[in-house]
Asks: 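For reference, the structure I am asking about is given below.
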Amino acid sequence: MKISEIIKNQGKSLSFEFIPPNTPIGEGRLLERINRLNTFSPSFVSVTQHAGPNTLERTRRFVGKIHQDTALTVMPHITCADPGKTELASVIEHYKGLDVENILALRGDPEEYGTDAFDGKLHYCYAADLVKLIAGYNKFCIGVAVYPEGHPESSNLGIDTAHTKIKIGQGADFGITQMFFENFHYYQMMDRFLQDGIDIPVIAGIMPITDFQRVERYAELGGVELPIPLIAKFEELEDPYDVIQAGIDLATEQCMDLWENGVRCFHFYTFNRDEAVTKILDNLAPVFGINKSN
Ligand code: FAD
């Protein structure tokens with residue numbers, strides 16, 4: 001089912017993001033975790049696609065496996081930073097053949113991130129171009145990335161919003177946010193979108209902190225603010241178990257605040273783990289009306 005229809009019909013959505021494993025054994029293990037998370041009846045799951053050799057293929061294979069082995073709605077990510085136009089067209093055709101109905105269209109970041117690498121390597125410069133290509137198939141519901149604090153390459157938030165609007169103009173149906181840790185960034189982005197006439201559903205991207213150093217690295221790369229009290233709290237934790245527990249508490253509080261402020265669509269960056277997300281959703285289930293199946 002198309003994600004825009006799920007959101008329209010149900011007024012909410014719950015989704016999980018996974019990274020395609022390198023090996024069949026890894027795929028099998030991840031499928032077990034996905035099946036455990038399936039007890040929360042997610043609206044869809046998504047599979048990332050990163051820069052580097054064979055990455056389109058890896059995503060394609062794992063999407064096929066989820067499609068074949070589960071009843072889940074699966075959304076592949078497609079990035080245009082590395083692959084050429086022919087390769088992109090063939091992967092879109094492949095998903096069309098599989099009857100995949102949703103694609104997350106991204107520019108992506110080339111392997112050697114930096115402006116020079118971009119100038120030399122990009123076949124499509126912006127996600128908007130990929131959205132246009134996918135929309136031409138007249139088949140897919142198209143998601144795009146949105147940035148509560150602005151994309152790090154955008155010189156200001158107004159320009160960032162204008163570029164989001166271009167993606168919608170080319171055919172994007174919904175957005176998923178980059179991680180954020182201060183909810184006011186999400187609320188302010190929604191105000192900007194409203195003022196600019198952007199009315200697609202925007203799913204909140206939630207990053208449970210299970211490895212603080214990794215989140216710090218991603219936050220720095222993505223221009224995401226880590227509040228000083230949050231840094232102080234995680235820096236004093238030495239036991240990895242305490243870090244995971246603090247991450248569960250933090251994400252639970254964040255989601256509760258978003259829910260109280262009317263947000264109904266949540267996308268969890270799982271990093272291929274199910275334990276923390278399971279605990280967060282167990283905490284949220286009574287408020288969110290999630291009926292966990294066995
Ligand atoms: P774009 O929308 O093209 O924007 C990139 C930058 O260019 C922005 O600063 C924008 O303001 C600017 N821009 C856009 N149009 C123009 C224009 N016409 N003129 C000048 N500037 C312009 N990365 C991966 O590699 N693989 C993944 O699977 C992946 N999944 C993601 C999932 C989510 C939910 C999110 C939020 C991000 C994901 N990313 C992924 C990261 C993403 O690819 C990077 O943030 C990337 O740097 C930008 O991608 P984009 O699609 O937002 O690009």
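Just follow the structure's listing: the first ligand is 1, and inside any ligand the first atom is 1.
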Asks: Just to verify, what does Phe40 make a ring-ring contact (aromatic ring centres under 6.0 Å, His included) with, not counting sequence neighbours?
Replies: none
Asks: Backbone, side chain, both or neither: what part of His267 comes under 4.0 angstrom of ligand 1, heavy atoms only?
Replies: neither
Asks: At a non-hydrogen distance cut-off of under 4.0 Å, which region of Tyr269 contacts ligand 1 (side chain, backbone, both, or neither)?
Replies: side chain
Asks: Which atoms from ligand 1 have a heavy atom of Gln178 less than 4.0 Å away?
Replies: 36 (C)
Asks: Any atoms of ligand 1 less than 4.0 Å from a non-hydrogen atom of Ala127? List them with their elements.
Replies: 1 (P), 2 (O), 3 (O), 51 (O), 53 (O)
Asks: May I ask you to identify, for His163, whether its side chain, its backbone, both or neither come under 4.0 Å of ligand 1 on a heavy-atom basis?
Replies: side chain
Asks: Could you name the option among Gly108, Ser46, Gly205 that has the heavy atom nearest to atom 43 (O) of ligand 1?
Replies: Gly108
Asks: Any chance the side chains of Tyr187 and Asp257 put a donor and an acceptor closer than 3.5 Å?
Replies: yes
Asks: If I take atom OG1 from residue Thr161 and atom CZ from residue Arg192, how far apart are they, to the nearest 0.5 angstrom?
Replies: 5.0 Å
Asks: Can you list the atoms of ligand 1 that are under 4.0 Å from a heavy atom of Ala145?
Replies: 35 (C), 36 (C), 37 (C), 52 (O)
Asks: Would you call Glu93-Lys139 a salt bridge at under 4.0 Å N-O?
Replies: no
Asks: Classify the contact between Thr164 and ligand 1 as side chain, backbone, both or neither, using a heavy-atom distance cut-off of under 4.0 Å.
Replies: neither
Asks: Within a strict 4.5 Å, meaning less than it, do heavy atoms of the Val224 and Gln178 side chains meet?
Replies: yes
Asks: Do you know the tightest heavy-atom contact between Ala89 and Tyr137?
Replies: O-OH, 3.5 Å
Asks: Between Glu17 and ligand 1, is there a nitrogen or oxygen pair with a distance under 3.5 Å?
Replies: no
Asks: Do Phe140 and Lys96 touch side chain to side chain, with heavy atoms closer than 4.5 Å?
Replies: yes
Asks: Show which atoms of ligand 1 fall inside a sub-4.0 Å distance from at least one heavy-atom site of Thr48.
Replies: 28 (O)
Asks: Look at the aromatic rings of Phe266 and Phe268 and report parallel, tilted or perpendicular, splitting at 30° and 60°.
Replies: parallel
Asks: Please could you name the atoms of ligand 1 that Ile176 approaches to less than 4.0 Å, counting only its heavy atoms?
Replies: 34 (C), 36 (C)
Asks: Do any nitrogen or oxygen atoms of Tyr147 lie less than 3.5 angstrom from nitrogen or oxygen atoms of ligand 1?
Replies: yes
Asks: Do Ser154 and Asp160 have a side chain donor and acceptor closer than 3.5 Å?
Replies: yes
Asks: Do Arg60's NZ or CZ and the ring of Tyr95 fall within the cation-pi criteria of under 6.0 Å and 45°?
Replies: no
Asks: In ligand 1, which numbered atoms sit nearer than 4.0 Å to a non-hydrogen atom of Leu104?
Replies: 32 (C)
Asks: Return yes when Ile159 approaches ligand 1 closer than 4.0 angstrom through a heavy atom, no otherwise.
Replies: no
Asks: For atom 29 (C) of ligand 1, which candidate among Leu106, Thr161, Ile166, Val144 holds the nearest heavy atom?
Replies: Leu106
Asks: Tell me the contacting part of His77 for ligand 1: side chain, backbone, both, or neither, using a 4.0 Å heavy-atom threshold, strictly below.
Replies: side chain
Asks: Test Phe16 against Phe44 for ring pair (Phe, Tyr, Trp, His ring centres under 6.0 Å), laying out the working first.
Replies: CA-CA 7 Å; Phe16 306 123; Phe44 67 96; 9.2 Å; no
Asks: With a cut-off of 4.0 Å, which atoms of ligand 1 are near a heavy atom of Thr79?
Replies: 24 (C), 25 (O), 26 (N)
